[in-house]
Amino acid sequence: MNFKHYTLGLMLSVAYPTFAQEQVKPNKEDDTHLEEIIVSTTRLPEVKRNTSSSVIVITQKEIESYAQLNSDMSVILGLAVPSIGLSSNTTSNRSQTLRGRQILVLIDGIPQSTPLRNTDRDLRTISPYAIERIEVIEGATSLYGSGGAAGIVNFITKKSNKDKAFSGSTSLALTDAFISKGKNTNGYKLNQQFNGKIDNFDYLVNAGVIKSGRSVDGEGEYISPRYGLGEVTTQNLLAKFGYDINANNRIEAMYNFYSALQNTDLVASGGKYLEAPQIGVIGKKDPAAKNEGTKYNHNAYLKYTSKEIFTNTDLEASVFGQKLYTLFDYRAHNPKSPRWEETGGQATIKAEKIGARVSILSKIDFTEDIKTNYIVGGDFLFDKTSQPLVDGRLWVPELKAYNSAAYLQTRTVFYNNLTLKAGVRYDNISVKVPDYKTIPLKKDQQWLAIQGGNLDYSKASLNAALSYNIINEFNPYVSFSQGLSIYDLGRILRDAKSDVVSKIETDPVVTNNYEVGFTSKLGNNWNFRAAYFWSVAKLGSDLQAGEGGFWQVVRNPQRINGIELALDGKPIDWATVGGSFSSYEGKMKSDNSSSYDTYMSGLSIAAPKLSLFTTINPIKDLWVNLYYTHTSKRDRFTPTPNKAGVLTYQEGEGKVNPIDLFNLHTSYQYNKNIQLSLGIENLFNKTYYTSSSMLVARDAEYARGNGRYYTLSLIFNY
């Protein structure tokens, strides 16, 4: 099958401060440091305060503050990014979209997302204690090729920033709920870091382990262990080494290992949608079941940079790799819901990537008032992914994708107030599908033999970005951008009804994204931004429940529109306040319809979210952060009668009720070496169902969120 798509687009965004960027401000030096952050995910590096790209930066201090509440990355992103939905409180981030579409997740630019077969685990591929900052690009983008239909989340790992030969940091934290009707709710977090610089050699080694106790809700009941975050042991090792060959040439290597596996004696029990939660009770697991979670995620790169290889020209070249193995929960045989030929089983996903990048960054000064920076380069990525069951049966065969691309990106500044970005990227993707057989979901079904082949996709895209900054109080912008995503190809292939791959609808999702908005700096203390966006895709990627209870991809055309607002400032010297609001809606065309007449499911469209915060520094060396998060109601679907005549919601279409949560984090700098912190998740011990459990509308996934949890930590720097 050939898919050729050539696009022309205008992409614009503007730098804006967000509530997340101002939450932890110990002193004026830190304020300056925040302004000097270099944004790298835009591929044309620039100082954040001067960028014209739509990027949210979550700093290391903010990550550490959120991690004192909950160290799961899906929780942190759900709290920190306005347009990402709240965490499901499970290992799956299936319902955590960005502006209603799937996110391309990176670690130092290395793709973690698995488009050949989506793991829904890509937000949980690294520990927060290994991260220096998180850069989030909102809106469709092709900067890193396939996968950016909604935008990008790039985890930037830590690096040594010390001139001393040796320095380090040791942190120990204890967590507990203290409200459980049972035992073993306590856990711990231990992290050790060493870094330094010796002559031209610098290094950083960061290792940590996080052990969570049993999860409990506001009533003190154990939360269901299905895809659970309770009794999970998370391990992370980051090693980064650099050598400055001379003032202009440097070589750097990075390796990161991540593992998160659940080992629990709880089993799921009960659960009735809209009536009672599924909880965890002590019981015996099926002996065939393996510990669920990510067994390993390896990431590594080797990078060479050279400054001034020509006049005003820098070179960067790198090779990288990733290897992932994750296990899903074991599904025992259930006569009422048979799976895999009426047998039990446990699915896994194995993925490997090898890639290379080369780029040349240069600049041209046409006049004193017109100056251009540009980057030209090429990317290559080999991706191999399969979905076998633990017993060896192949649910999705081993797929191999080859992606090569060339690009040119420019940024031109006119008279210091008008910025134009323009560029072109051409992607060529070839996916090799072997001959394979589908696994019948029921005993009376037949195995379907499918003839494999090559699936070829290519896309040439042109983008431009325009921002006008003439006065601080009003900086308007407009945008149009496109993204390309091969959406969960394995899910489509495993449900195939045709006997030849070329007859199966596998065309990727091409997203057209539009945006208008403005940013304002009011006086010296207040920042505000407002944006309205909408995106259209001729082939959609919404999910609906299919045969055997497995999700299927709906390819109907889609349209999403929404708004985002953010405000932050300092009403007094010792306090910072702010917040954000995000709301968007999505519709798709039903079969043979010419209009968008059907709401997209809750798996794509999150309920409106309001986030507020205040940070106070009442006395020297003491900081208190209070966070409030509110999600509104989303009730778009009408329940229909089942076979027994009872009104029920279709899966993914459940009614989402409002949620109100308060979180508190306080820290005290005892001296230059010792810091004490206390984090309280769900401060008022709210009993609530997660948004994901409400919208999915499954008895087995109708579970509550965490009750009140305390985290007490000690950090020692030396």
Side-chain angles (χ1 to χ4, degrees), residues 17-39 47-49 55-73 75-81 126-136 153-162 167-171 173 189 191 193 195 204 206 208 238 527 566 568-570 574-580 611 613-618 620-627 663-681 711-717:
T18 70
F19 78 102
Q21 294 166 354
E22 300 292 334
Q23 287 173 7
V24 182
K25 289 190 169 183
N27 51 51
K28 292 184 179 180
E29 289 184 7
D30 284 341
D31 286 355
T32 302
H33 174 70
L34 289 176
E35 291 296 326
E36 295 300 324
I37 289 176
I38 302 298
V39 176
V47 177
K48 173 135 193 358
R49 69 178 178 216
V55 177
I56 294 174
V57 177
I58 309 171
T59 67
Q60 184 175 335
K61 287 183 177 294
E62 294 154 6
I63 296 168
E64 291 172 351
S65 178
Y66 285 119
Q68 289 298 309
L69 306 172
N70 192 310
S71 56
D72 186 82
M73 285 309 310
V75 175
I76 293 172
L77 287 167
L79 293 174
V81 181
I126 189 170
S127 167
Y129 300 106
I131 301 172
E132 178 183 279
R133 68 186 186 277
I134 305 170
E135 296 179 357
V136 182
V153 170
N154 192 12
F155 300 119
I156 310 295
T157 59
K158 291 180 177 179
K159 64 178 180 296
S160 177
N161 56 6
K162 302 290 186 180
S167 61
S169 175
T170 302
S171 65
K189 306 173 186 179
N191 196 79
Q193 178 174 304
N195 61 288
L204 179 140
N206 185 291
L238 170 68
N527 303 286
D568 65 83
K570 294 177 70 66
W574 50 270
T576 302
V577 298
S580 68
S611 297
F613 79 92
T614 181
T615 298
I616 62 173
N617 179 207
K620 182 181 179 182
D621 299 325
L622 174 66
W623 296 273
V624 180
N625 303 287
L626 179 64
Y627 308 95
N663 297 298
L664 176 71
H665 170 239
T666 180
S667 63
Y668 178 68
Q669 193 71 40
Y670 180 72
N671 57 38
K672 67 177 183 179
N673 295 325
I674 298 175
Q675 183 185 70
L676 298 172
S677 292
L678 173 66
I680 306 178
E681 179 185 9
T711 300
L712 180 64
S713 67
L714 169 67
I715 301 173
F716 182 62
N717 299 305

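Numbering of residues begins at 1 and proceeds along the displayed sequence.
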Could you state the interatomic distance from [atom1] ([X]) to [atom2] ([Y]), rounded to the nearest 0.5 Å?
X      : Y      : atom1 : atom2 : value
Phe613 : Asn663 : CZ    : CG    : 14.5 Å
Ser667 : Leu622 : OG    : CG    : 7.0 Å
Asn154 : Ile156 : CG    : CD1   : 3.5 Å
Thr614 : Leu626 : OG1   : CG    : 7.0 Å
Leu712 : Leu676 : CG    : CG    : 7.5 Å
Asn206 : Lys159 : CG    : NZ    : 14.0 Å

Step-by-step side-chain contact (heavy atoms from CB on, under 4.5 Å) determination, Thr157 to Ile126: CA-CA 9 Å; Thr157 59; Ile126 189 170; 3.9 Å; yes

Minimum heavy-atom separation for [X] to [Y], with atom names?
X      : Y      : answer
Asn70  : Ile76  : O-CG1, 3.6 Å
Asn195 : Asn161 : ND2-N, 4.2 Å
Glu62  : Val57  : OE1-O, 3.9 Å
Ser160 : Leu204 : N-CD1, 3.9 Å
Leu77  : Val153 : CD1-CG1, 4.2 Å
Ile715 : Ser169 : CG2-OG, 3.8 Å

Under the side-chain contact (heavy atoms from CB on, under 4.5 Å) rule, what do Ser611 and Leu79 come out as? Steps first, then yes or no, please. CA-CA 8 Å; Ser611 297; Leu79 293 174; over 6 Å; no

Under the side-chain contact (heavy atoms from CB on, under 4.5 Å) criterion, do Ile134 and Met73 qualify, and how do the steps go? CA-CA 11 Å; Ile134 305 170; Met73 285 309 310; 3.5 Å; yes

Quick one: does Val81's side chain get under 4.5 Å of Ile58's, heavy atoms only?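 Touching, per the 4.5 Å side-chain cut-off.
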
I want to check something: taking the side chain as every heavy atom from C-beta on, are Leu664 and Val624 in contact at a cut-off of under 4.5 Å?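 A side-chain contact exists here, since the closest heavy-atom pair is under 4.5 Å.
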
Tell me every residue that passes side-chain hydrogen bond (donor to acceptor under 3.5 Å, both in side chains) with Ser677, counting only those two or more places apart in sequence or in another chain.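 Not a single residue meets the side-chain hydrogen bond (donor to acceptor under 3.5 Å, both in side chains) criterion with Ser677.
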
How would you list, by chain and number, every residue that makes a side-chain hydrogen bond (donor to acceptor under 3.5 Å, both in side chains) with Asp72, sequence neighbours excluded?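 If we apply the side-chain hydrogen bond (donor to acceptor under 3.5 Å, both in side chains) test to Asp72, skipping adjacent residues, the hits are Ser74, Arg124.
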
Answer with yes or no whether the side chains of [Y] and [X] bring together a donor and an acceptor at under 3.5 Å.
X      : Y      : value
Gln68  : Glu64  : no
Glu681 : Thr711 : no
Gln669 : Gln675 : yes
Ser65  : Tyr627 : yes

Show your working on side-chain contact (heavy atoms from CB on, under 4.5 Å) between Lys189 and Ser713 and close with a plain yes or no. CA-CA 8 Å; Lys189 306 173 186 179; Ser713 67; over 6 Å; no

Within a reach of under 6.0 Å around OH of Tyr668, are more than 12 heavy atoms found that belong to other residues, nucleotides or ligands?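 Yes.
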
Say whether, by atom type as modelled, one donor and one acceptor occur between the side chain of Asn191 and the main chain of Thr170 under 3.5 angstrom.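 Absent.
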
Just to verify, what does Phe716 make a ring-ring contact (aromatic ring centres under 6.0 Å, His included) with, not counting sequence neighbours?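 So Phe716 forms a ring-ring contact (aromatic ring centres under 6.0 Å, His included) with Tyr718.
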
